[in-house]
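Take a look at the structure below.
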Amino acid sequence: MEKEQLVSLEKKYFLPVSKRLPVTLIRGQGTLVWDADGKQYLDFVAGIAAVSLGHCHPELVKAIERQARELMHTSNYYYTVPQVKLAQLLCEAAGLDKVFFCNSGAEAVEGCIKIARKWGKEKREGAFEIIVAENAFHGRTMATVTAAGNEKYREPFAPLLPGFVRVPFNDIDAIKQATTGNTAAVLLEPLQGEGGVNMASDDYLPHVRAWCDEAGILLMLDEVQTGLGRTGKLFAHQHYGVTPDVMAVAKALGGGFPIGAFLAKDQCALLGPGEHGTTFGGNALACEVGYTVLKYMLDHDLPAQVARKGQHLERRLHSLADRHSLVTEIRGMGLIWAIELAGPLAEQAMNIAVEEGLLINNVKPTAIRLIPPLTVSEEEIDQAVGIIDRVLQRLESESPK
Ligand SMILES: *Cc1c(COP(=O)(O)O)cnc(C)c1O
């Protein structure tokens, strides 16, 4: 199909919610993708941090082919082997007791919210409020947009779900002040991805953990973007020596295939028979994919590799910042980084990068984000930083002084 035809059919039939770049991707391998004109790109978006093992990883492709031939979907009326294998591997890796599989990050967070409501009802005399952070992102369902910090995602859909109390991120006193007899849980990202790669300060999560224990409320962490190796540990909360009571994961678990999950400690795994469910969630194909991805990560100690490669990327980005006054800040950890620019130039930077053969995204008007596959090589990192160097040069020469 020709590009003009594709563009006009998309315009004719799609809800116009996605702002697309003028690129039709047709093939991927590792960190590379190719468009319909045969142009090659380094992919530092990785399907929004989902393509964790790189595009079309041979072991993942093999697992999908094998499982697709055997059994794809049964519903949860029956046992399947892939589901139970993944449940055991994921619970043991996370140090949590119970898991529920779903199809996306938003659904995983929805599950956490349901647990919080149930916890409040059963253990805190009907408490139902969940404390959430400004600039948070938790998905696009009604409950998760309510939980999120972005007014633009919420405002058109009011009235929203009651019971969400918003506080500034990284402010333990604000959480303490917001906690009342109505509070059931605190829901946070350990590092805010969509909010602009905002890092938790070193003592924030330990303080929140201690406060939740003291107040008898649940600490629920949304590790949908940070989980499964992205930050240089299997889960981002491991950097801070805390364990959540409830956790949502998705993106990287599927390596590009849709799967999500929420996990809980036994004492708050309160959803009983018939109280939650899904048709597609936990199907044999998705779980075989999740199992293959997680097993690969653990067998190859991918989080440690991410930590090493992340240090390399960090050094390269700092030297970039030293050479370009346009760069005002570099922040991130592992393989999630933001480059903050001295002005609303991120969209332009993204567009120039695409011309130069690098996919990155404008996570904020003033910041671009780098989230390559976790299997990216140091050479590919160097190439990407080289392209960003050229992008910054072009921005500096094109923008008025
Ligand atoms: C992407 C994301 C979600 C939503 O996941 P979907 O699969 O798009 O529903 C939720 N929370 C965080 C932190 C995310 O980054």
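Each ligand, and each atom within it, is numbered from 1 in the order the structure gives. What you see is a predicted model; the values in this text were computed from it and never measured.
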For the residue pair Phe137 and Tyr153, categorise the inter-ring angle as parallel (less than 30°), tilted (30 to 60°) or perpendicular (more than 60°).
perpendicular
Anything under 30° is parallel, anything over 60° is perpendicular, the rest tilted; go ahead and classify His57 against Tyr296.
perpendicular
Looking at atom 7 (O) of ligand 1, tell me if a protein heavy atom falls under 4.0 Å from it.
yes
Are the side chain of Thr180 and the backbone of Asn182 linked by a donor-acceptor contact shorter than 3.5 Å?
yes
For ligand 1, is any non-hydrogen atom under 4.0 Å from Lys251's backbone (N, CA, C, O), its side chain (CB onward), both, or neither?
side chain
Using the rule side-chain hydrogen bond (donor to acceptor under 3.5 Å, both in side chains), only one of His138, Arg369, Lys364 pairs with Glu194; which is it?
Arg369
Looking at atom 11 (N) of ligand 1, what's its closest protein heavy atom, distance included?
Asp222 OD2, 2.7 Å
Have His239 and Asp202 got a donor and an acceptor in their side chains that come within less than 3.5 Å?
no
Looking only at protein heavy atoms, what sits closest to atom 9 (O) of ligand 1 is Ala106 N, 2.8 Å
Judging by distance only, is a nitrogen or oxygen of Gly105 under 3.5 angstrom from one on ligand 1?
yes
Checking contacts here: is it the side chain or the backbone of Glu189 that comes within 4.0 Å of ligand 1, counting heavy atoms only? Could be both or neither.
side chain
Are any of the N or O atoms of Gln225 closer than 3.5 Å to those of ligand 1?
yes
